[in-house]
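For reference, the structure is listed below as structure tokens.
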2 protein chains.
Amino acid sequence: MRTTRVSGSSRVEARRAQTVREILDAAWQLAAQSGLDALSLREIAARVGMQAPSLYSYFPSKAAILDALFEDGNSRLGDVLASVHEALPANAAPRRRLVELLTAWIGFCQADQARYRLMFTSALPGWQPSESAYRSSLDNYQRLSDYLALAGVTDPGDLDLCTALSAGLVAQQMANDPHGDRWSRRVGEVVDMFLLHTASRDRRAARPAKGTS
Amino acid sequence: MRTTRVSGSSRVEARRAQTVREILDAAWQLAAQSGLDALSLREIAARVGMQAPSLYSYFPSKAAILDALFEDGNSRLGDVLASVHEALPANAAPRRRLVELLTAWIGFCQADQARYRLMFTSALPGWQPSESAYRSSLDNYQRLSDYLALAGVTDPGDLDLCTALSAGLVAQQMANDPHGDRWSRRVGEVVDMFLLHTASRDRRAARPAKGTS
DNA sequence: GTCTATAGACGGATAGAC
DNA sequence: GTCTATCCGTCTATAGAC
């Protein structure tokens, strides 16, 4: 035993992974600063002290870089949501879980507008996340539906409703008050409204039924 | 009196207005077919049988064309909302008014994805509606707040909440089921939820008060 | 792996003849 | 008003030397 193996083949792999990391960080920085549309290979390369064609040693195309950013963003969001989860007491009420989840999500979006646009609006000229990149986003969606299930909300239609409420809040927030809280401060109100709605409707639906056995 | 004057100076003005109309129609058609990002002066011009530079006789820049499209879209949306308004009986319940307004709006968005993106998402590379173009969108927003006022909803915060609900429904619909009704069919449910929420909260707020006189 | 050089395409906008 | 010709900028991506 000599050195700490990182993955496949020792140090060159590690060095390579570090360069990839630098490229992605430079891309995030550039996107945040100049907008997602201004992301060009030339500029990314310049930030890591390279010439543009050298990037092709690390990524086969610009789309691959965007895919990597998309996955990176979802991974970071996963960390945020996990830390929210860990900070909650084990017996936290479902209402509180939902409020804190959504609040953290909106905060995550507000922290970087370009990242928000990349991850949550499909509005980038010639790009769509690849299928494998897209899969990386499903874990975070899963966390939302887990929390909803804790609140007794299991109907898929109600999940759709909840995603629409969340998407609407964050979209209005990002578009009209990106650094404020004009919409995000209503998260608690919206969650109450939503849970009351689903609960009371379930109650109504349950009344006519007389048991299935 | 000879001929029907259209605006300033007789026939040349009318002919000019008609060409402008043709240009905008060609632009809508191109955007719907090839996407908003593919809108190029060359392609627009080709569709009206011109060369690209000739467009500069009608618009000073590409941004001016986008502004005109934005205003045109808002004008058409105004027509749609007005016809919904006229079709409603004078004594229609506020709940019904809201449902039909939002349903019509979502239908309008679904009818043309590119138009939706131009009018309602600020996600076009280097363009923002000019201030005067933006003003053309306020009339339609006003219609929503008028209907909300009929339902007793006057608090600005509640208006924000309602725009978030609407924006969320339409965004999810456009992004995930552009030709279906997975979200739009829940408009009635959402309106009920919203109106119940505002009404019951107002009731709670009114209880502790004992009159202001 | 990194570089220089460049291909190849597309974009908005302008000059100036007709 | 419309055209041709063109400027000048952007971009991704590739070829090939080192």
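Residue numbering restarts at 1 for every chain, and letters A, B, ... go by the order of the sequence lines.
Residue L39(A) is classed as a sugar-phosphate contact, given heavy-atom separations below 4.0 Å to backbone atoms only. Among the atoms of the strands shown, only primed sugar atoms or phosphate atoms (P, OP1, OP2) are found under 4.0 Å from some heavy atom of Y58(B). The residue S40(A) sits close only to the backbone: its heavy atoms come under 4.0 Å of sugar-phosphate atoms, none of a base. When heavy atoms are screened at a 4.0 angstrom cut-off, G126(A) is found touching no nucleic acid atom at all. Residue contacts for S57(A): at a heavy-atom cut-off of 4.0 Å it reaches a base atom on one of the strands shown.
Bounding nucleotides for the chain A contact on DNA chain C, 5' to 3', at a heavy-atom distance below 4.0 Å, are dG1(C) to dA5(C).
Salt-bridge annotation for R186(B) and D160(A): absent, with no side-chain N of the basic residue lying under 4.0 Å from a carboxylate O of the acidic one. Salt bridge R143(A)/D139(A): absent, no basic N to carboxylate O contact under 4.0 Å.
Atoms OH (Y56(B)) and P (dT6(D)) sit 19 Å apart, rounded to a whole Å.
If you find the closest nucleotide of DNA chain D to P53(A) and to E43(A), the one lying nearer the 5' end belongs to E43(A). Positionally, the nearest nucleotide of DNA chain C for G49(A) lies more toward the 5' end than for the other of R42(A) and G49(A). Nearest-nucleotide positions on DNA chain D place R16(B) closer to the 5' end than the other of R16(B) and A52(B).
Of the possible donor and acceptor atoms, one in the side chain of Q110(A) sits under 3.5 Å from a partner among the backbone N and O of G180(A).
Here the closest heavy-atom approach between residue R97(A) and residue A90(A) is recorded as NH1-O, 3.7 Å. When all heavy atoms of L169(B) and V190(B) are compared, the closest pair comes out as CD1-CG2, 4.0 Å.
Aromatic ring orientation, W105(A) versus F120(A): perpendicular (interplanar angle above 60°, classes split at 30° and 60°).
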